[in-house]
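Quantities reported herein were computed from a predicted structural model and do not represent experimental measurements. Below, each value reflects all heavy atoms present in this structure, side chains not excepted, and no hydrogens, waters or symmetry copies. Chain letters run A, B, ... following the sequence lines, proteins first and then strands; every chain starts at 1.
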Protein chains: 2
Amino acid sequence: MAPSAVTQPTHRSGALLDFLARRMRLRTEAVLAPLGLRPRHLVALTVLRVRGGSTQQALATTLAMDGTNIVGLLNELEADKLIERRRSPEDRRRHLVELTEAGVEQLAKAECALAEVDEEMLGALDASQRETLYNLLQLAATGTGVSCAQAILE
Amino acid sequence: MAPSAVTQPTHRSGALLDFLARRMRLRTEAVLAPLGLRPRHLVALTVLRVRGGSTQQALATTLAMDGTNIVGLLNELEADKLIERRRSPEDRRRHLVELTEAGVEQLAKAECALAEVDEEMLGALDASQRETLYNLLQLAATGTGVSCAQAILE
DNA sequence: TAGATGGCTTGTGGAACACAAACCATTTAT
DNA sequence: ATAAATGGTTTGTGTTCCACAAGCCATCTA
C-alpha cells in the first residue's frame, strides 16, 4: 500500500489543505446557499467573531485580500444586517467592523447547518481527532502572519 | 487562550480550513511559479503519486472537478512531461494517468521548495504538531467521498 | 494649507471553474 | 451487424472570485 517507501523530506500539508478545502467549500456552498451566504461570507463572519472591531485594513491583511474587495464583501454583509460599520472615535476616517446580533445568530445557524458537511468530509475522524484538527488549524491560523501583523498594529 | 468560554455546539473546521488554504495557496503560488507549476498542478501531481494509473473520470471524482477541466489540466502537465496518459488494455477508450519520472522529481522539488511556506504558515506548530496535522488531513482526505467513490469503482 | 490616509466606487482583466455541444474511438447491447 | 452508450477531446459561453488602477470624499497630520 505504501506508494513510496521513502517518504518526502517532511510531509507537506499544503496540497492536502488545498484539496480538502476545495471539497469542503463545494459542499459548504450548497449548504450555505439557502441561508443567503457564500463561503467568503462565512470566513469573514468567523474572523469577525474573534476580531470584532477590526479596521477594514486589518481585515484586508487578515483575509489576505485587497482592500477594495473587502469593501464589497462588507457591503454585502451589511446589506443583510449581519455586520455594522461604526466610525472610530479616535480616527473618524476608520470604520470599526463588528458583527450585529443578527450576524452572530446567522453565523451560529450556519455552523449548525454545516454539521452535515463535517460529517461527510471528516467522517474518517472521530470526535477527538476532529477537535485536535480544529485546534491545530486554529493555532496555525492565529499564530502566523495574521497575529504578526496584528501585533504590529497593537 | 479560549477566545470565548462558551464555544459553538461543535467546532467547525470548514471556515478555518478555507481561511488557511487561501493564505497558503497565495504563498504557494509564488513559490511554485518559478517551477512552472500552479497550485492546481501540485494537487493533481500529489493525488497521482498516490493514485497512479487512475482513469480521468476517477480523477474528476477525486478532484471534484469537471471532466473537461481535467483534460485541460492533464494537457498542461503532459506538455511538461510530468504525467503520461497510457491506454488501458482492458478498455482502450480509457486513459490511465501516471506520473513520469520527471513528474516524481518535479513534485519532490516542489515539496522541497515549499518548506519555507510551511515554515511561514505553520510556524506556530512544532514538528510533532505538524505531523499530526498532516496525518489528520491525510486521514480525512482519503477516508471520505474520495475513497468512497473509489471503493465503488473497484 | 498641503499632503497623507481610510474608505468608497467604478472599471478592467485574469484565473479557475461549470456547463453545453459536437466529435472520435471504442465498447456494449440488441 | 448495427445501434446505443461510454471515455476522452475540443471549443465555445458564462460565472465567480479575485487583483489592480484611477478618481473621489472625508478626515487626520505635518
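When rounded to the nearest whole Å, the span between CD of B:Q56 and P of C:dA25 equals 17 Å. In this structure, A:R86 atom CZ and C:dG6 atom P are separated by 18 Å, rounded to whole Å. Distance, A:L26 CG to C:dC19 C1': 15 Å, rounded to whole Å. Between A:F19 atom CZ and C:dA16 atom P there is a gap of 18 Å when expressed in whole angstrom units. One interatomic measurement links the two molecules: CG of B:L42 to P of C:dA16, which rounds to 13 Å at whole-angstrom precision. A:L59 has its CG atom 14 Å from the P atom of C:dG6, to the nearest Å.
The side-chain heavy atoms of B:T55 and B:L96, taken from C-beta on, include a pair separated by under 4.5 Å. With a 4.5 Å cut-off on side-chain heavy atoms, B:H95 and B:R86 do not count as touching.
Not one side-chain nitrogen or oxygen of B:R94 sits closer than 4.0 Å to the OP1 or OP2 atom of C:dT27.
A:L20 contributes atom CG, which lies 10.5 Å from atom OG of B:S13 (distance to the nearest 0.5 angstrom).
A salt bridge does not link A:D118 to A:R130: none of the charged nitrogens lies less than 4.0 Å from a carboxylate oxygen. Salt bridge present: B:R49 and B:E111 bring a charged side-chain N and a carboxylate O closer than 4.0 Å.
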Reading nucleotides 25-30 of chain D from the 5' end, what letters show protein touch, with B for base, S for backbone sugar-phosphate only, - for no heavy atom under 4.0 Å? -BBS--

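Nearest approach of A:L136 to B:L125, heavy atoms of both residues: O-CD1, 3.9 Å. Among all heavy-atom pairs drawn from A:A124 and B:L139, the shortest one is CB-O, 3.7 Å.
Listed nucleotides C:dG6, D:dG8, D:dC17 differ in distance to B:T55; the shortest reach to its side chain belongs to D:dG8.
Partners of B:E76 by salt bridge (charged side-chain N to carboxylate O under 4.0 Å, His left out), not counting sequence neighbours, listed by chain and number: B:R38, B:R40.
Non-hydrogen atoms lying under 4.0 Å from DNA chain D are contributed by A:A64, A:M65, A:D66, A:T68, A:N69, all within residues 63-78 of chain A.
Counted by atom type alone, B:R94 and B:Q57 present zero donor-acceptor pairs between their side chains at under 3.5 Å.
Counting non-hydrogen atoms under 4.0 angstrom, B:R22 reaches the backbone sugars and phosphates but no base.
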